[in-house]
Each structure stands twice: as C-alpha cells, then as structure tokens.
There are 4 protein chains.
Amino acid sequence: MQTPEKSKRGRPRDANARKNILAAAAALLDEGGIGAVTMEAIAARAGVGKPTIYREWPNAQAVAMTAFLETAEPAPQGPRARSPLEALRRQLRKVAGVFATRAGRNTAMMIAAAQNDSELAKVFRNHFILKSREEGRTLLAAAIAARELRKDIDVETALDLIYAPLYFRLLIGHGPLDAAFTDGLLELALKGLAARRSA
Amino acid sequence: MQTPEKSKRGRPRDANARKNILAAAAALLDEGGIGAVTMEAIAARAGVGKPTIYREWPNAQAVAMTAFLETAEPAPQGPRARSPLEALRRQLRKVAGVFATRAGRNTAMMIAAAQNDSELAKVFRNHFILKSREEGRTLLAAAIAARELRKDIDVETALDLIYAPLYFRLLIGHGPLDAAFTDGLLELALKGLAARRSA
Amino acid sequence: MQTPEKSKRGRPRDANARKNILAAAAALLDEGGIGAVTMEAIAARAGVGKPTIYREWPNAQAVAMTAFLETAEPAPQGPRARSPLEALRRQLRKVAGVFATRAGRNTAMMIAAAQNDSELAKVFRNHFILKSREEGRTLLAAAIAARELRKDIDVETALDLIYAPLYFRLLIGHGPLDAAFTDGLLELALKGLAARRSA
Amino acid sequence: MQTPEKSKRGRPRDANARKNILAAAAALLDEGGIGAVTMEAIAARAGVGKPTIYREWPNAQAVAMTAFLETAEPAPQGPRARSPLEALRRQLRKVAGVFATRAGRNTAMMIAAAQNDSELAKVFRNHFILKSREEGRTLLAAAIAARELRKDIDVETALDLIYAPLYFRLLIGHGPLDAAFTDGLLELALKGLAARRSA
DNA sequence: ATCTAAGCGAGACGGTACGTCACGTCTTGGG
DNA sequence: CCCAAGACGTGACGTACCGTCTCGCTTAGAT
C-alpha cells in the first residue's frame, strides 16, 4: 500500500523469493486450480517460509491473483486489420481463443475468487477488466471515427454488449465459445435485433 | 437426479431433516456468504448429524446450491405488458432488480462455486440458467411473432447478447446494474451498433 | 433371560442368525483383533440387522466374548500321565502351547476387553478362568492325594503361583512362553526358593 | 525415544504444551478410564490443538501411556528391613497396596491397551515392567547373597513366580490382593509345593 | 569494523473444518 | 412380532491448512 518512509534498515526483501512464490502459485493454479493454491503448498514449492508470503499478501488467493495478473501477458498484436470493424472481429476471436485455454479457466477462477473478497475483486477489476475494456474502447472509438459504428452509442454499454457474452459462456459453459459464436455475436450486435419497420 | 431402482428397503430418508438442512444452509449463505456454509455449521444449525448431510450431498457447496435453487422462487408475474418488447424490457429490469438484492450476491456466489466443481456447474446450469433462458426464449419468440424483432436472428446468441451483460456486471461490478442500464442495453441491442449506410 | 411364557406370537427368533453372528465375530476377531469386531462389521458379515445383535448382546465386545468362549473348545485330553505331577507338567506345557497361537492372542484381548467392562470381566472370569482353574485344582488335588505335594498348601494361592506366570508372559511378552519355561517354572515352584538351612 | 539428529531449525516444541497434554490425559484417565482419554478431550482440556498432540504421539492411548508412565512416581522407600527376605515381603505388600488404588486400575488398563498396539506394548514393557523387575531382581540378588535363597535359582523365572500372581489378580479379579495374599504367596514360593521325601 | 534491525528458512503453535467410521436407536416393508 | 435394511443424531477419528509465533541465520545500512 504505502512505501513512503523507506526505513531502509535491515535486510531488504529478497526479490528472488517473490519470483519463486509467484512461480509456485502459478504452477499450482495451473495444476490443481484455485483450490490447490494454499499457503502451505506455495511455501513448500517455492522453498520459502510462510511468513515471507504473508509479509506481502494477505491470503493465498491474493497470491494467486498476483500470479495470474503477472502471467496474463498482453496478447501479441496480430497483423494490421483492413478496417476497425475487422480488428474488432479479430479481437473477439482472440479473446474466445484465450478463454478456451487454461488461461480461460484461470480467468474464471479469478472471477470466482473475487466474489468472496472485495479487495480481490477491486484488484481484478482494475488490473484485468479495465485493461481489457480499454483495448475494446479503443477499437470502438476507431470504428466510430471510421463511421462504421453509429456515433451516438454509449460506449460502456456497447462494451458490455459485445464482451459480456464471452465471459458469460466462459463462466456458465452453456454453449460453445468459438469463432462462429463471436462472429455471429458481433454481426447480431451490429445489425440489431429489431425488425426494420420501413421496408 | 435419478431414483430408478427404488430400493425401498430400510428406513426412508427423513424429509424433515432435508428441509432443516436446506433452511440452515440458506440462512448461512445469506448471513455469511458461501464461506460460512460449512458442513459443521449446517449440521449444528439444522440439528442434524453430518453423515445425514453427506448421504445426500457430496460437500457443503452442493448443499448451498440446492438451497439456493430451492429458495430461488419463480419471480411473480407482473401486470400484462402491452407488447412483447415491453415485456422483455420489464423482464430485464426485474432481473437487474433481483441481482441488486442478496439473491444477486448468492447467484454470483453460486456461479463462483460452480467454477471449481463441474458437477455443481452442471446442476446450476440445468436448474437455474436454462430455466431463466427459457423465459427469455419465450419472450423473444413472442416478439418475433409480433414482428417486433427480425425473424432471422439466432435466438441463443440473442439471449446471450441481452442477458450476459447483466451477469457480467453482477460478477465484475464495474458499473451500475439498474433500470437505466437495462433500458439502454436493450435499446442498443435492438437498434444495433452499425451505422446506417443508406440514409 | 426369561423364556417362560412362550408368547408364541409373531415370528420366532432365527436360530441361524445367532450362529452367523458368532461365526462372523470369531472370524473378525481372528482377522483383525478385537478392534475389528464392530457391530457394523458383524452385521454386514453375518447378513444380519444390527438390532438383531443388540437384542442379545449389549455391545460388540460382548459378542466377541461369547464367540471367544464358544470357540475355546475344551482341550483334548492327552495320553494318561504316569503321575499327577507329570500330568501337571503336561498341562502347563499345553497351556503355553495354546497361548502361543492365535487363541492366546484372543485370550489376551479378552482380558484386555474385560478391563473396561465389569460385566464382561465377570463373564470371562466365570466361563474361562474358573473353568481353567477347576482343571488345575483337580490336578493339584490328585498330586496332594498322591503325596507328591505337601498337603498343607493353600490351593488357590498355589494355582496363582503356577498359572499366573503364563498369563503374565502372555500379556507382557517380556520372555518366552515355551516348554522350557513352564518346566523350569514348575520345578522352581516345587522346590521353592528358600535355601535349605540344614545341610 | 531418540533425539539424535537435532534438526534445531524452526520453532522448538513448547514444553508447556506437552505438560498440559500429559496432565489432561492423566486427569481423564483417572476420571473416566482409558475410554475417556480421547484426542478431542485431551486437546480441549489441555487448551491445545489436536495436531500438536499428533506431532508427538500417534494416538490417544499413547498419550495415556506416557502420562501413566510419568505419573507412576518411584515408590517411596520404606524403613530399612532387617533382612533381604523381609524387604521382599514388604515390597510385595507395597505393590499389592498400589494395585488396590486407582494406580492399579490404570496399570491394568495400560496392560490392556498394550494388547492392541505392539509399539505401546514395547514402551510399557521397557519403562514400567523392566523397571519394576529391576527392583525385584536387586532384592532377590541380596537375598541370595545373604544365603536366604538358594543360589541356583533362575532369577527371571523366580521373578515371574513371585510377581505374576499380583498382576494376575489385578487383571482377573478372582481373588483378594492384600497383604495376607502376598505373605502367603511368598511363603509358598519360598517353601515350595513339593512334599519332603526324606524325613 | 561493529552493531543492529529487518528479512530469511523452518517449523511448532492454537484453531477450524474436513470427510469417515462406528455407535446405539428408530422406522420402514416383508415373512 | 421378528427380520434385513438402512437412515437417524452423536461424537471421535486423523488430516489439511489456516494465520501467528518463535527460532537461529543472514544481510547490509548505520554507527
């Protein structure tokens, strides 16, 4: 939280320990899910004392969250798209692709973990969701600028409209989460559900 | 799930015990969240032995899930709407209203619990999500029949488009979940994001 | 306890059940020691309901005790000995031999079980110890009559003097329990420890 | 048992906890017998967590055994006897006296407990029986040196001859366990059972 | 160069909940 | 009216982690 006074006396934190802890937590998360990420297991695996972990994190899920966030590398940019809308389509496909991997399961587990810990929820929102929405917001803005999207839309609502279904399928698993879905979803969102009155 | 063989021998299950267990679980869930729903606490509160609980459920979260599902009473039907679209708008408002209550928190917690237990996930999907979607599907079909919606839409995708944002906000909490949101959301979904080319 | 009036109504006791119960208890005792003789296990193995067992015995150890007592068949008489003392020597050897088998372990376990249940202790004393002592008493009486033993000895004390060491070694296991031991023991008991003053 | 490697790392065992655990076990043993010595009860009474007990003992009876052994204080030495034989007589009376108290019941229960746990049996034998026999061995040696006992006797057998009857009566309860018994027992053991042939 | 405060690993501490086992009782339908 | 089957409330089992607390040992800035 704060590091203002920099007491500076005594042995400094061991940067290596932090790295080992997060690596252990990430490995445990991948191997056995959030339930396998226990303080005991992290400490044992990282070759670290439990107090060393508690010095920096309040509980095991917080370590898992940090490990998750530091592992979730920014997606590599694909080839330039020929239009903003095309870029948006590709972005949705990419997200669906990630959600289909272990990273997707981890994301779901982090959302789950956040339900029981408001501090965790805040961290997840600020470091994962907001970042992801920022990307989407940029894409939408570009599409609006290119007159591919209506300029009067509420961007926040539009973001939910487009991205929420991906998270929903990730979390509920009631339907496939593939390119066919994201393409259909985007098309529907673009055209709208309403019947054309004129005609 | 199934009761095919009807062994019928021996003392039958005590229906009262089951009721007490679910009541206890529901109370604990409301009071302290999913973390408070432990087998020990349920057993103590219900005046029931732990083995009695284990006879019917494999773990505490499964009890919580059953309690949640049996508690989630079917929403009372509001006054007749003047049109299918109006009915859909009201339905979305109602869901948002429920999500703003403790029932919403419980729903979020059940979704979270389901992330770590595929059996639980299946139960939740079949008994809560599918039911809820069925309602939505009916509303959409009526609106299509009334020519208020395009008749070529993929209903499953449309359902995700409309309902997922509510779940998303419930779970992430990155924005309000009120009538203004649902109304805007519905409007956007109806009109679509795309700029009108002709004009 | 009582069967005087012969009510005769309803289904009569199943004599086969009792036999099965005792056989099951004996088998469990032999296989896993007294700890394996549980009501559940007996009932399951005997194909009998627990209440049927409780109707006749107050707890599992009581069943084990009955099974033990009914299993402990009277030792087959060996060839006639040429003297009462010789018969006594053979008898001690035989007891030591039995104590070295599973029956010995069972005996030890019954003595142990009796320590925590005075009713059990009484049954064991009356049906096992007293019977065994009666045999010994007969042998001693014969030896006295044959003037091989002093006629002024207190028989009860003499019985303890001769037999107790066998039980002691059975229970404590601090030394061998073989013919060499019983022979030496008997010789020592006969001659006495005291130094001969005259001489 | 052994403390060879002296790992020395980490927080050392809490001597106070150990003391409390043994005190609680001893109290429970006295109050309700071996059956009352449960891990739960010990932990609750000692104000200690169960794992702390399991760190040092494998089960409740092992705790009871340790408590028993540490409670069984060395008997206070009585006034000097005028002869080794007299000392032996007094020692037997003293043992009988102890056996008549709660300590005697506890001893019986420990012997019982040892029947179902060979590790427990070994501990009991090494720390209780062997110690007690050492005392007896010393007394016999002195009596032999004083020419009150024959010098050709096998001491181990003689010890069993003298002491086993006390344990036998303690465990079976078929007869009194008082000074009259021990005196008669000793006299019989000294003089022997055999009729004098000469004279 | 020494002091000394803080971090380090290890691991024991008092706890809570776990999921299982057996207890002894009760309640079914069937013989 | 007894039988088998089996559910009931109870309570102890032994285990896994929790989050805290000593330990003895670095480590490195301040003296």
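Lettering of chains follows the sequences in order, A, B, ..., and the numbering in each one begins at 1.
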Next item on the list: Specify the residue among D/Gly47 and B/Pro58 whose closest nucleotide of DNA chain E lies further upstream toward the 5′ end.
Entry: D/Gly47
Notebook entry, point to check: Taking C-beta and beyond as the side chain, do C/Phe68 and C/Leu22 meet within less than 4.5 Å on heavy atoms?
Noted result: no
Note to self: Between A/Asn16 and A/Asn20, is there a side-chain heavy-atom distance shorter than 4.5 Å?
What the structure shows: yes
Next item on the list: Measure the distance from CG on D/Asn59 to P on F/dT15 and round it to the nearest whole Å.
Entry: 11 Å
Item checked: Spacing between B/Asn16 atom CG and E/dC26 atom C1', to the nearest angstrom -> 15 Å
Item checked: The single option from C/Arg105, C/Arg102, C/Arg45 passing salt bridge (Lys or Arg N to Asp or Glu O under 4.0 Å) against C/Glu31 -> C/Arg45
Check: Nearest of E/dC18, F/dA16, F/dT10 to any side-chain atom of D/Pro51?
Finding: F/dA16
Next item on the list: Could you state the atom-to-atom distance from CD1 of A/Ile42 to P of F/dC17 in whole Å?
Entry: 11 Å
Checklist line | Whether B/Glu56 side chain and B/Thr52 backbone form a donor-acceptor pair below 3.5 Å | finding: no
Checklist line | First encountered from the 5' end of DNA chain F, between D/Pro12 and B/Arg18 | finding: B/Arg18
Notebook entry, point to check: Counting only distance, no hydrogens or angles, is the base of E/dC13 paired donor-acceptor with the side chain of D/Arg11 under 3.5 Å?
Noted result: no
Notebook entry, point to check: So, is D/Thr52 near the phosphate of E/dA12, with a side-chain N or O under 4.0 Å from OP1 or OP2?
Noted result: no
Next item on the list: Calculate the interatomic distance between B/Asn20 atom CG and F/dG9 atom P; express it in whole Å.
Entry: 9 Å
Note to self: Between P on F/dT10 and OH on B/Tyr54, what's the gap in Å once rounded to a whole number?
What the structure shows: 17 Å
Margin query: What is the distance, to the nearest angstrom, from the CE atom on D/Met39 to the P atom on E/dG14?
Written below: 14 Å
Item checked: Check against side chain to side chain contact (heavy atoms under 4.5 Å, CB included), B/Leu29 and B/Met109 -> CA-CA 9 Å; B/Leu29 185 60; B/Met109 289 191 292; 3.9 Å; yes
Next item on the list: Determine the contact category for D/Arg55: base if any of its heavy atoms lies under 4.0 Å from a base atom, sugar-phosphate if only primed atoms, P, OP1 or OP2 are that close, otherwise nothing.
Entry: base
Item checked: A/Ala60 side chain, from C-beta outward: closest of F/dC18, F/dA4, E/dA12 -> F/dC18
Notebook entry, point to check: Between atom CD1 in A/Ile53 and atom P in F/dG19, what is the gap in whole Å?
Noted result: 11 Å
Checklist line | Nucleotide F/dT15, atom P - distance to CD of D/Glu40 in whole Å | finding: 13 Å
Check: Closer to the 5' end of DNA chain E via nearest nucleotide, is it A/Val48 or D/Ala15?
Finding: A/Val48
Next item on the list: Specify the residue among A/Val37 and D/Val37 whose closest nucleotide of DNA chain F lies further upstream toward the 5′ end.
Entry: D/Val37
Next item on the list: Answer yes or no: side-chain N or O of B/Lys50 and base N or O of F/dG9 forming a donor-acceptor pair under 3.5 Å.
Entry: no
